[in-house]
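Working notes, structure below.
From a predicted model like this one, the values you see are computed outputs, not experimental measurements. The figures that follow rest on heavy atoms only: side chains count, while hydrogens, waters and symmetry mates do not.
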Amino acid sequence: MMDNFQTKFLEEASDLVNQLEQALLTLEQDTENPALVDSIFRIMHSLKGGGGMFGFENITNFTHKLENMYDLVRQKKLKVSREMLDITFESADHITSMLNDDGSKTQQISANEEILNKRIDAVLVGDTPNNNINIVDNIESQPLKTESQITTYYIRLKPYEGIQKNGTNPFFLLDELAGLGKNKINIFDSNIPDFENFVFDETYVWWEIILATDKGIDEIKDVFIFVEDDCELEIKEICKADIFPMEGIEPLLNCRHDFPFDLDKIKTLVDTILALEKAKQESNSKNKNAGDEHIKKFAKESSISGIRVASEKIDSLMNLVSELITTQAGLNLFADNHKDNELTRITENLENISRQLRDTTFSITLIPIDYLVVRFKRLVRDLSKEVGKEIEFEARGAETELDKSLIEGISEPLMHILRNSIDHGIETSEERIAKGKNPQGKIILQAYYSGSQVVIAVTDDGKGMDLEKIKQKAIDRGLIKSDVQLSNKEILDLIFLPGFSTSDKITNISGRGVGMDVVKRKVSDIRGIVSVSTEKDEGTTITIKLPLTLSIIDGMLVRISDTDYIIPLSVIDTIFAVEHEKIKKSFNNIITIEGVQYPFYYLRDEFNIEGEAPLREEIIMVKYEDKKIGIVVDHITGEYQAVLKPLGKLYRQQDIFSGASILGDGTVALVVDTHKIINQFTKYNDN
């Protein structure tokens with residue numbers, strides 16, 4: 001999985017370098033443009049963050065220096081100069097080399113980086129808003145305040161894991177230290193284990209501190225007098241001056257956590273300037289013979305393994321493929337009406353090609369659910385901390401792919417579900433311990449394919465839903481009568497009613513009567529189905545079933561009277577031919593086929609279609625939850641690739657139809673949502 005992320009980072013980093021070069025070319029023509037400077041800074045920041053996240057620390061460390069340089073420009077402490085632009089262009093080449101390094105040029109890359117680092121350091125020190133000021137004079141003019149007897153120290157405090165067991169809180173030490181003078185604290189937290197191995201009274205982090213103080217070193221040591229045996233402690237002098245006001249020092253102290261302060265650079269700031277001329281000479285010598293080698297380098301490194309395409313272009317491609325399929329249907333109809341063998345052969349070949357093109361284009365629009373997982377992990381982490389609960393989040397099947405429009409549509413419903421699991425589902429540690437459970441709760445998001453559908457299930461191991469409480473709330477609100485008999489499933493379905501909530505208090509997370517009704521509505525908007533199951537003290541599972549795509553489906557074209565309909569193939573189990581007389585004589589819409597009884601819906605009656613039915617009709621068995629239910633139509637035309645089009649305003653409330661498709665002869669067929677038909681007709685017949 002990490003290899004996949006690293007590959008994606010390399011692709012994105014290459015794009016960022018290209019964006020960087022484009023921004024630099026524009027900045028060269030307009031050096032006072034703050035928007036361009038911000039753009040370059042953001043690119044550096046993205047490279048730095050991505051490099052650190054996916055294990056490219058060499059890129060992170062290098063781009064951190066460039067980020068500091070452009071941050072000073074943003075703060076108007078530094079002006080864009082020719083030297084700065086030259087360095088950045090060469091740095092872009094250097095980053096490209098690092099991205100493409102297979103290990104054979106590591107030594108050469110390191111040598112080049114050393115030269116660039118010296119040149120960057122020189123700019124940070126000497127290139128002030130007054131471009132005519134002498135670099136050495138600029139250093140000498142810094143307010144070092146040696147007369148004030150302020151000394152700057154470097155302190156490294158690394159507590160042993162058991163320090164808190166002796167009654168010592170390391171944060172009190174940091175607080176006392178901060179009272180001695182100006183300071184900058186850098187935290188290292190990469191050793192924090194996962195929740196399963198986390199011990200709350202052990203210390204996994206450590207710190208670096210830069211401290212400018214007029215106190216002596218003995219007074220600093222007094223802060224740690226009682227913990228000397230419980231930690232690794234290093235205190236050393238940097239210089240007899242307050243370095244914090246110095247120009248060029250601030251960026252060096254703004255290190256991202258888990259990356260140590262560069263003490264060598266801080267202590268050898270002046271030496272860097274002396275090395276400037278040598279660095280420039282080395283750079284000029286290197287660039288003299290760059291011509292042909294530069295061309296060869298980029299010819300080799302610019303081979304394209306993948307491309308990134310704008311979403312608008314993909315949407316346009318899908319629309320064109322949809323139109324092609326519609327046109328293909330018209331061509332098929334024309335070929336059927338003109339019995340020409342050559343035309344039939346060409347039509348069949350074209351149909352095969354268009355189907356392959358459809359599948360390939362469709363695959364381009366797919367995005368792994370993992371795209372959402374990082375966001376969900378952060379949500380669980382932040383909200384569980386807010387409500388004081390220990391909760392672990394686990395994602396399974398995150399490589400499962402969905403149409404990008406479905407990914408966008410499912411994000412908010414899943415957020416609602418996770419919020420409810422955190423706030424209502426998972427108990428506090430004390431409650432879980434009292435029930436004999438692990439004090440740490442768990443939420444699992446699982447995704448997998450089921451035929452032509454994607455199933456996403458969110459399961460928590462909390463207290464489950466109280467069915468009696470749900471029913472009583474519904475009675476209190478007048479949603480159902482007190483004497484009504486409901487199955488467990490029917491009770492659970494009540495939570496999807498607008499404004500329904502069992503929460504006794506309002507919180508920042510949930511309990512405002514908004515949530516599960518929103519989930520159902522938004523899932524329905526993308527032709528999905530949501531269901532819930534629960535067990536007392538075992539937990540709750542909310543399951544969402546979605547189509548793979550919203551634009552093109554494989555369907556079964558059927559007809560009732562003179563009207564065409566399309567039923568998605570994904571829901572069809574079997575098809576039987578049945579005499580009309582047998583259907584009319586059936587009791588309570590139950591029919592026996594091959595010794596098995598099936599409930600069915602007679603669409604002629606349900607749709608109020610007049611006219612005489614054929615003597616022999618077709619009953620299509622569709623999957624509904626864990627059952628098979630029959631849908632009776634006049635006859636079946638055959639399989640059909642349906643390009644879905646949205647219904648107009650007049651049909652917006654008819655949610656039993658998920659869209660329409662234009663047939664080859666130009667007529668329109670409605671796409672039937674069998675799940676909603678069964679739901680709606682069941683409620684209608686019950687009433």
Mark yes or no for whether [X], through its side chain, and [Y], through its backbone, hold a donor-acceptor pair below 3.5 Å.
X: K623; Y: S570; value: yes
X: S354; Y: E351; value: yes
X: T400; Y: A447; value: yes
X: H338; Y: F334; value: yes
X: Y624; Y: V571; value: no
X: T360; Y: L357; value: no
X: K582; Y: T592; value: yes
X: D634; Y: S561; value: yes
X: T543; Y: V532; value: no
X: T347; Y: L343; value: yes

Measure the [atom1]-[atom2] distance between [X] and [Y] for me, rounded to the nearest 0.5 Å.
X: S533; Y: E538; atom1: OG; atom2: CD; answer: 12.0 Å
X: E618; Y: I560; atom1: CD; atom2: CD1; answer: 12.0 Å
X: M516; Y: N420; atom1: CE; atom2: CG; answer: 6.0 Å
X: I583; Y: R616; atom1: CD1; atom2: CZ; answer: 10.0 Å
X: I456; Y: Q446; atom1: CD1; atom2: CD; answer: 11.0 Å
X: L418; Y: H416; atom1: CG; atom2: NE2; answer: 11.0 Å

Would you indicate whether the side-chain heavy atoms of [Y] and [X] approach each other to under 4.5 Å?
X: R521; Y: S524; answer: no
X: R396; Y: Y448; answer: no
X: Y602; Y: S586; answer: no
X: K545; Y: V455; answer: yes
X: T674; Y: Y601; answer: no
X: E412; Y: V518; answer: yes
X: I529; Y: V523; answer: no
X: L467; Y: L492; answer: yes

Over 12 foreign heavy atoms within 6.0 Å of [atom1], [X]:
X: N352; atom1: CG; answer: yes
X: K628; atom1: NZ; answer: no
X: E639; atom1: CD; answer: no
X: E612; atom1: CD; answer: no
X: E535; atom1: CD; answer: no

Task: For V632, the option from N589, I619, L603, I591 that meets side-chain contact (heavy atoms from CB on, under 4.5 Å) - done: I619
Task: side-chain contact (heavy atoms from CB on, under 4.5 Å) partner of T540, chosen from I417, D460, V458, D461 - done: D460
salt_bridge([X], [Y]) N-O dist < 4.0 Å:
X: K463; Y: D537; answer: no
X: K489; Y: D493; answer: yes
X: R345; Y: E348; answer: no

Search all heavy atoms of [X] against all heavy atoms of [Y] and return the closest pair with its distance.
X: L16; Y: I43; value: O-CG2, 3.5 Å
X: D403; Y: L366; value: N-CD2, 3.5 Å
X: K377; Y: F393; value: CG-CD2, 3.4 Å
X: I391; Y: S384; value: CD1-CB, 3.8 Å
X: S661; Y: I566; value: CB-CD1, 3.8 Å
X: E399; Y: P368; value: O-CB, 4.0 Å

Open item on the list: Using 30° and 60° as the class boundaries, would you call the ring planes of Y565 and F657 parallel, tilted or perpendicular?
Closed with: parallel
Task: Step-by-step side chain to side chain contact (heavy atoms under 4.5 Å, CB included) determination, I678 to V622 - done: CA-CA 10 Å; I678 294 169; V622 299; 4.1 Å; yes
Task: Worked check of side chain to side chain contact (heavy atoms under 4.5 Å, CB included) between F376 and M415 - done: CA-CA 7 Å; F376 294 156; M415 289 280 195; 4.0 Å; yes
- [ ] Show your reasoning for whether side chain to side chain contact (heavy atoms under 4.5 Å, CB included) applies to N332 and Q328.
- [x] CA-CA 6 Å; N332 288 346; Q328 175 70 49; 2.9 Å; yes
- [ ] Classify the side-chain pair Q472/D476 by whether it contains a donor and acceptor separated by less than 3.5 Å.
- [x] yes
Task: Residues L494, L497; criterion side chain to side chain contact (heavy atoms under 4.5 Å, CB included); working and verdict - done: CA-CA 6 Å; L494 294 172; L497 295 175; 3.8 Å; yes
